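Notes follow the structure.
Below, chain A is the first sequence line, B the second, and so on; all start at residue 1. These numbers come from a predicted model, not from an experiment. Values below: all heavy atoms of this structure, side chains included; hydrogens, waters and symmetry mates excluded.
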2 protein chains.
Amino acid sequence: MGAATTRAHIVEAADRLFYRQGYEHTSFAAIAEAVHISRGNFYYHFKSKDDILSAVIAARLESRRRMLERWEAEETDPADRIRRFVEIVVTNRADIQRYGCPVGTLTTELAKLGHPALDDAGGLFTLFRAWLREQFTQLGHPAQADALAMHVLAFSQGVATLAHAFRDEDFIHREVQRMHEWLSAYSAGALSAAPGDGAQADA
Amino acid sequence: MGAATTRAHIVEAADRLFYRQGYEHTSFAAIAEAVHISRGNFYYHFKSKDDILSAVIAARLESRRRMLERWEAEETDPADRIRRFVEIVVTNRADIQRYGCPVGTLTTELAKLGHPALDDAGGLFTLFRAWLREQFTQLGHPAQADALAMHVLAFSQGVATLAHAFRDEDFIHREVQRMHEWLSAYSAGALSAAPGDGAQADA
DNA sequence: GGCATATTAGGACAGGCGTCCTAAACGATG
DNA sequence: CATCGTTTAGGACGCCTGTCCTAATATGCC
């Protein structure tokens with residue numbers, strides 16, 4: 001088995017453990033046990049625990065980037081793309097109820113630790129934010145695109161956090177439906193831009 | 001200085017440190033240093049670290065309970081009470097941008113640690129949820145009260161998480177205004193109850 | 001003032017952590 | 001088969017953690 005394969009296995013196991021148990025709470029021994037290699041052997045592939053974290057973040061970034069690119073290929077309507085993003089909390093509802101949002105929880109933890117990799121992890125949020133902004137721009141709301149993108153992100157984070165805390169699956173479906181209804185006002189495309197974003201969607 | 005005073009100081013310092021650095025990341029030495037007592041002396045007041053965590057959670061519960069009781073005394077209109085709840089993210093915007101939501105981040109961390117005190121910490125969410133539910137019931141939406149309460153909670157968590165990640169204060173104000181506009185549809189009181197909560201507020 | 005109690009300080013202890021080192025096993029190549 | 005670089009195992013190291021113990025100090029009551 002090549003070193004690249006082992007390295008990928010380590011990143012994969014670390015990714016899962018960091019997500020489920022948190023970064024700090026996951027020990028080297030735990031990762032080693034998951035990959036079935038010895039602890040000492042670790043430092044042949046990674047020179048420190050922070051190094052593994054960087055690799056995990058890079059892998060997540062790459063994974064999400066590919067996912068968004070796939071969506072761009074599969075959905076031609078930007079409104080459908082946004083809907084698909086909103087549906088994430090439904091698609092991943094099992095994991096979200098058990099472990100929360102992989103992006104939000106990691107970012108929060110690294111912030112509390114004062115970890116230098118926080119900026120890298122923040123790139124995940126930035127990736128989604130920029131992608132959503134682009135979709136809203138294509139929908140014909142360039143001026144409010146960023147605010148709308150942030151609103152959708154906040155929706156996802158809020159739903160994930162509470163679905164995690166209460167293990168409430170019905171709540172997820174309710175909020176997703178509410179969000180779809182809210183979005184329909186924008187994807188209709190016949191709305192005039194009004195000052196104070198969101199006002200025209202609620203009125 | 002009495003033992004009760006010292007105990008209160010310990011809880012106060014631990015509360016702040018748990019909030020800013022996280023529970024696991026906060027060591028006994030750090031708390032001791034903050035309170036200016038020796039590490040060993042700790043176990044005269046608390047028999048374990050988990051014991052301090054329980055005391056901190058109990059203190060937060062009591063603090064929030066008193067806050068909500070105060071609001072009930074100061075605001076007679078349940079709509080105003082809900083507005084005040086929504087304004088929390090503005091009132092505490094400085095801390096939220098720096099450390100996130102005290103309730104959400106603690107709950108998430110304890111869940112990842114598999115800590116037994118998670119249920120106690122979840123009581124904070126339950127406290128707010130029940131209080132909001134009561135306010136929406138008084139507003140005349142008893143059937144949807146719980147779903148509406150959860151929606152407001154999700155709003156707070158989503159805003160707090162993203163305001164924390166991006167350190168974006170304008171975003172907080174935008175989302176709060178959007179929420180106020182959404183709420184105005186309910187506090188108007190002239191709406192007929194429709195199946196699928198939220199639909200009548202968006203249409 | 002003397003005494004019992006309440007409170008404190010400081011170090012000892014075992015265990016787990018991330019890190020590092022060294023030697024052995026492996027696999028491909030001549 | 002021999003030899004090389006690659007990959008591995010396993011343990012040692014120092015550090016920090018939560019916990020506990022004991023002796024010293026402060027406090028309040030007769």
Side-chain angles (χ1 to χ4, degrees), chain A residues 1-58 106 109-110 112-118 120-121, chain B residues 1-58 106 109-110 112-118 120-121:
Chain A
M1 190 166 56
T5 315
T6 304
R7 204 188 130 99
H9 285 166
I10 292 176
V11 172
E12 191 181 354
D15 191 336
R16 186 169 50 247
L17 287 170
F18 289 172
Y19 177 36
R20 300 188 176 183
Q21 314 185 8
Y23 170 69
E24 189 177 28
H25 192 60
T26 300
S27 70
F28 258 61
I31 306 176
E33 191 183 10
V35 194
H36 297 102
I37 67 171
S38 72
R39 268 165 302 136
N41 184 22
F42 246 110
Y43 285 76
Y44 176 76
H45 300 279
F46 297 93
K47 70 175 193 294
S48 71
K49 193 182 177 186
D50 292 0
D51 213 37
I52 298 185
L53 176 61
S54 294
V56 167
I57 292 175
L106 179 65
E109 180 184 2
L110 294 183
K112 301 236 176 211
L113 300 185
H115 198 286
L118 171 62
D120 298 340
Chain B
M1 189 165 60
T5 315
T6 303
R7 206 188 129 98
H9 284 166
I10 292 176
V11 172
E12 191 181 355
D15 192 336
R16 186 170 50 247
L17 287 170
F18 289 171
Y19 177 35
R20 300 188 176 184
Q21 315 186 7
Y23 171 69
E24 190 177 28
H25 192 59
T26 299
S27 70
F28 258 61
I31 306 176
E33 191 183 10
V35 194
H36 298 102
I37 66 172
S38 71
R39 265 166 303 136
N41 184 23
F42 246 111
Y43 285 75
Y44 177 78
H45 301 278
F46 297 93
K47 71 176 193 293
S48 72
K49 194 182 177 184
D50 292 0
D51 214 36
I52 298 185
L53 176 61
S54 294
V56 166
I57 292 175
L106 180 65
E109 180 183 1
L110 294 183
K112 301 236 176 210
L113 301 185
H115 198 286
L118 171 62
D120 298 339

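Of all heavy-atom pairs spanning A/A34 and A/L17, the tightest one is CB-CD1, 4.3 Å. The nearest pair of heavy atoms linking A/H25 to B/K112 is CD2-O, 4.1 Å. Here the closest non-hydrogen pair linking A/V56 and A/A14 is CG2-CB, 3.8 Å.
For the segment residues 37-49 of chain B, residues with any heavy atom less than 4.0 angstrom from an atom of DNA chain C are, sorted by number, B/I37, B/S38, B/G40, B/N41, B/Y44, B/H45. For the segment residues 14-36 of chain A, residues with any heavy atom less than 4.0 angstrom from an atom of DNA chain C are, sorted by number, A/T26, A/S27, A/F28.
For the pair B/H9 NE2 and C/dT7 P, the computed distance is 14 Å after rounding to whole Å.
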- [ ] Tell me, with the steps shown, if B/D50 and B/Y23 meet side chain to side chain contact (heavy atoms under 4.5 Å, CB included).
- [x] CA-CA 10 Å; B/D50 292 0; B/Y23 171 69; 2.8 Å; yes
Open item on the list: What verdict does the side chain to side chain contact (heavy atoms under 4.5 Å, CB included) test give for B/F42 and B/K49, after you've listed the backbone C-alpha separation in whole Å, the side-chain angles of each residue and the deciding distance to 0.1 Å?
Closed with: CA-CA 9 Å; B/F42 246 111; B/K49 194 182 177 184; over 6 Å; no
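Here the CG-CD1 distance, from B/D15 to B/I31, works out to 10.5 Å after rounding to the nearest 0.5 Å. Atoms CG and CZ, from B/L106 and B/F18 in turn, are 9.0 Å apart once rounded to the nearest 0.5 Å.
In this structure, a donor-acceptor pair under 3.5 Å is absent between the side chains of B/Y43 and B/D51.
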